[in-house]
Amino acid sequence: MSELQKAYEPQAVEEKWYSWWIERGHFTADPSSPKPAYSIVIPPPNVTGVLTLGHVLNNTLQDILARRARQTGHEVLWLPGTDHAGIATQTVVERKLRKEEKKTRHDLGRDEFLKRVWEWKEKHGGIIINQLKKLGCSCDWTRERFTMDEAYARKVQEVFVDLHAKGMIYRGKRMVNWCPVSLTALSDEEVIPKNQRGFFYHYKVEVVEKPGTFLEIATTRPETIMADAAVAVNPKDPRYTSLIGLHVRRPLPTGVEALLPIIGDEAVDFEFGTGVLKVTPAHDKTDYEIGLRHDLPVVDIFNPDATLNDLAGDEFAGLDRFEARTKAVDKLREIGLLVKEEPHENNVGFSERADVPIEPRLSEQWFLKYPKTAEARDAVRNHLIRFFPDRWEKVYDHWLENIQDWCISRQLWWGHRIPVWYPTENAKGEMGNVKCQIESPGDGWTQDSDVLDTWFSSWLWAHETMEPAALAKFFPTSVLVTGPDIIFFWVARMIMASLEYTGQVPFKDVYFTGIIRDKQGRKMSKSLGNSPDPLDLIAKYGADGIRFGLLRIAPQGQDIKFDEQQIVEGRNFCNKLWNACRFRQMQGPLNANADPSQHELSLFASDLLARLDATIRRVNEGYEAYRFSDIAQALYDFVWGDFCDRFIEVAKSDFATDSPRRAGTLATLDYTIKRILQLLHPYAPFITEELWNGLGLGTESLMHSGWPVASSFQADPRSEAVFVAVSQARNLRSTYGIPVNKRLPWQLTPAADWVKNEAPVLSNLLHSESLTFCETAPQGHAACPTHIGTIYLPLEGIIDPATEKKRLNGEITKVEAEIEKVARKLASETFVQNAPADVVAEHRQRQQDWLNRLAELQRAQSGLA
RNA sequence: GCGCGAUUAGCUCAGCGGUAGAGCGCUUGCUUCACACGCAAGAAGUCACAGGUUCGAACCCUGUAUCGCGCACCA
C-alpha cells in the first residue's frame, strides 16, 4: 500500500469496504455450516422510520456482537427487516393523500388505498435499511424480511386461527381505549399516562324527592354529564346513605327532563372529591362496571372522532369534546348549579401515536387471552432467559403477574386482516355464525373489516422469519438487543409466542439498552429539535467515530446523555490509531506473522505485551457481561495510553539509532497492531479493515482473521518506573517554566544498574541535550528523586536556588502529609491486628517509599546551601 | 401509593471494602522528524445528607432529600 495519508478520512473508505464485504458474502449466514451458530434478529424498525441515535446505539450493539461472533469462529445470522407499523404507515399515506389529492382513504376505497400504501412502501419505505448499511451493520441482507411478506402474513393469520380454535381469542363488547384521531381501538400498552393540569368542576344537583336538598358532585369531565345514568355514593358513607334510592335531576342538556337514581356502590371512594360520583357508563371504565352492576343504560354521546352526537342534545351536538367541556361549564354557571372550579392535576391516558387523550369507549373487539404466561414467567425467573441488566426481570415479572387480555383488533386498513368471515347479509353478525379461517368460505361471506395490532405480527418475529433449515441451525437466537420501552410490547409477547409455537424460548439473553437523551436529560424528539441526524454525524465524523464515541459512553442499562463532543472523541480516536499505524509503516513493511517471543525484548516491549494480554482478557470479560462501554474504554486506554503515549515514544529511540532492539520492537509493534485491529474491529469495522489491508496484514477480510488470544508475556514494573520518573522530571522542568523545546544537560544517579541501559530512552523522553550518569549528587542542581534514581537539572543560569528551595519545601510538605496519613494508620493496633497481612505489608511498604523520598528531598535541599 | 434507577472534579461518567480516577473543558508551555483530530505539565472533589456495620466505607446496611422512569390510582 502507498503511504497513509496524514489524517484518516472515513468518507473515502467506508463505502468501498461495505460493498466489498457484501460482494464477498461475508454477512450471509449458512445454515449448513459446521461452525457453532450465533444469531440475532433485528428489532424491525418501522418501515416509515428514519435512523435515530437510538437506532444507532441499538444496531451498533448488535453489529458488535455479530462481528465479534464471526471473529470467534461462529456462523452468524443477523436477520434484518422492517415492520409494517399499522397506524404509523397508514397515517403517513393518508396525510400524503390529503395533501396531494385532497382525498381520504374512504374516497379511494379499501383496495385502492392499500394499493397506494404498497406503492408508498416500495418507493419510500425502508429508507432506514440503507441508513443501517451506512452505519456498517453486517446484517444478512439476503434474508431481509417484512412483517407483511406473503409467507409471514400467512403465519400471522394461521396463529390467529389456531388461537381462536384453542378458545384463546374471542370477540367481545368491552370498554377499550379508543383513539379519536386514528379512529381505532388500542391496547393498554399503547396508552401513555400523562400528568395534566386541569380543573375539578364542582356542581350541585337537587334531590327530587327532597326539594331544597342538593348533592355536590366533583368532576373533571363535565362534557359527559349528558351521558350520566346515575349518581353513586358509597353505601357506607354516613353522609349519603339515607339518599340511596332517591333521584336527582340531571342538569344537562338543559331543557331535557332526566331523573337519575342515587345508587350505592362500593367502588366510590368517599375520601375523594365530594364522595359523590356521577356515573357515565359509556365513557368511563369504572362507571361502566358500576353500570353493569346496577343495570344502568349506556348512552354514548360521542362520535368516533370524539365530537358529540345528537344524544348530547342540540346545544352540544357537533362540538369537539374540549369545546363541549367549556360549554358544559358555562351552562352550569348559567343555570346557577356550578359551585366552584378548582385547579386539579390528574393523569390522562394519551394515545402513543397520535398524542391525544384516548376515550374509553364501549365497542366490539377481538381479544386474546395470552398463552404460556406461567411458562414465560418461569423462563425469566429461572434464567432460561437472562436479562441484562437483571433489574428488568422484576418489571417483566410484575407485568406478567397482572396481565390483562390483549385487545388485538384495529379499525385500520393497513395490516393483517382478521381471518374471520361473516354471512354477508349479517356482517359482524351473531357469534354463532362466523367462520375463522384464512380463505374465504365462498360467496355470501364477508371478511371482518378489522386488521390485527402490529405487535400481533411482530411477536412471531424471532421464529417465523426463518425457514426450517435456518430455524434448525439458528433458533433459539443468541441474544436480543432492544430498548426497555418495548419490554411488554415485544419482548414479553415474543417469549410467549415462541413458547407456544416452538416450545422453546426465542433467545437466551436480552440486552436492554439505555435511552439516549440530550444534554439536559430530555428525550430526543422531533418537536424539541434536539435530535441530531445520525447521517450528518456519520458524514462529519465517520461511521466508526460515531460508533466508538457513542458506545464508549453507553454503560449497561443507564440512559445516555448525548453530546456531540463524544462523537468528536470517537473520530479523534480513529485518527490516533491511524497515525500510530502510519508511524509503524514509516519503518518499512509489516510482518503479518511477527512473533515477539522469538526476539530479545526490551523491558518496555515486554511490559506492553503483558498489557495487551490484560486488555484482551478485559475485553473478553466485557463481552461475557455485555459491558460494552468497558470494552471501548479498555481499548481506548490501551491504544492511546499504553501503545501510543508510551511504547511508540520509546520505540522512537530504538529506531533513531542502530539499536539492537530494533527487531524486537518492530515485532512487538506488528504483533500488537494486528491484535488491536482485531479487537477493535467490532466497534470500528471500517478503519480496521482499511488498515488491515493497507498494512498488508492480510488479503482476506479482517473479519475472518480470528480473535486474539491472551498470551503469557511478563509485566515489567521497571517500565512503569521509567515513565513515572520521566513524568516527575518533566514536572521539575515545567515548574521552572523551561519550555519543552529547550534542550538541557540532564544528570541521573541511577538506583540500579539496568537504568543505565535506558539512557537513549530517557534522553529521548526528556528531550535532553545530554544525559549523563553520576555516582554522587552534583552540586548546584535541582534534584528530583524517583524510583529509578535522582534526576538532576543544572541550576546555573536557569534556576534560582531560592526558588528551588521553596519548591522542595512544597514537595516535602506534601510528602510529610502522606507519611503522616500512613503512619496514623499503622499506629492503630486494631488495624495491624485485624487487617489482612498483605494489606498491612502494603502500607508498610508505602510508608517506606514515602520516607525514602523525603530523605532524598531533604538531601537535595541541604545540597543547595 | 408501590417498585426501579440516579446523585463522585465546571461537564459527561468510571470506580462498588484497603493511597479518590478518566475524557472533555480550564491554566501554562510546545510548528519534539505518527497524529494540533496532537504532545507535555498543572489546577480542580468534606464521593447528596444523616445514622449504622467494620480495624478501615465513595463502595455494605437503614433512613432522608432531590431528579428521572415504570406500575397503580386518575369522580
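Computed from a predicted model, the values in this text were never measured in an experiment.
The partner of B:U54, taking Watson-Crick or G-U wobble pairs whose two distances both stay under 3.5 Å, does not exist in any strand shown. When both distances must be under 3.5 Å, the Watson-Crick or G-U wobble mate of B:A22 is B:U12. The partner of B:G68, taking Watson-Crick or G-U wobble pairs whose two distances both stay under 3.5 Å, is B:C4. Nucleotide B:A40 forms a Watson-Crick or G-U wobble pair with B:U28, both donor-acceptor distances falling under 3.5 Å.
Spacing between B:G29 and B:G45 at atom C1', rounded to whole Å, works out to 26 Å. Spacing of P atoms, B:A14 relative to B:A48, comes out at 13 Å, to the nearest Å. B:C33 and B:A44 are spaced 33 Å apart, taking the P atom of each and rounding to whole Å. Between the P atoms of B:G21 and B:A58, the separation comes to 13 Å (whole Å).
As judged by a 4.0 angstrom heavy-atom cut-off over every strand, A:R730 is placed among residues touching the sugar-phosphate backbone only. Residue A:D563 is out of contact with every strand shown, counting any heavy-atom pair closer than 4.0 Å. If you check every strand for non-hydrogen atoms under 4.0 Å, A:D645 touches sugar and phosphate atoms only. Across all strands shown, A:I217 has no heavy atoms under 4.0 Å from either base or sugar-phosphate atoms. Residue contacts for A:K652: at a heavy-atom cut-off of 4.0 Å it reaches a base atom on one of the strands shown. Residue A:P484 is classed as having no contact, given no heavy-atom separation below 4.0 Å to the nucleic acid.
Positionally, the nearest nucleotide of RNA chain B for A:E818 lies more toward the 5' end than for the other of A:T219 and A:E818.
Annotation: A:Y511 is not in aromatic contact with A:F387 [ring centroid separation under 6.0 Å not met].
Closest to the A:K561 side chain, of the nucleotides B:A14, B:G18, B:U12, is B:U12.
Contact annotation: A:K576 side-chain N/O to B:G38 OP1/OP2 distance is not under 4.0 Å.
For B:A34, its base never sits under 3.5 Å from the side chain of A:K6 at any donor and acceptor pair. No hydrogens or angles were tested; on distance alone, nothing pairs the side chain of A:N741 with the base of B:C30 as donor and acceptor under 3.5 Å.
The cationic group of A:R239 does not satisfy the cation-pi geometry with A:F270, failing either the under 6.0 Å distance to the six-membered ring centre or the 45° limit from the ring axis.
A perpendicular orientation is assigned to the rings of A:F831 and A:H843, their planes being inclined by more than 60° (bins at 30° and 60°).
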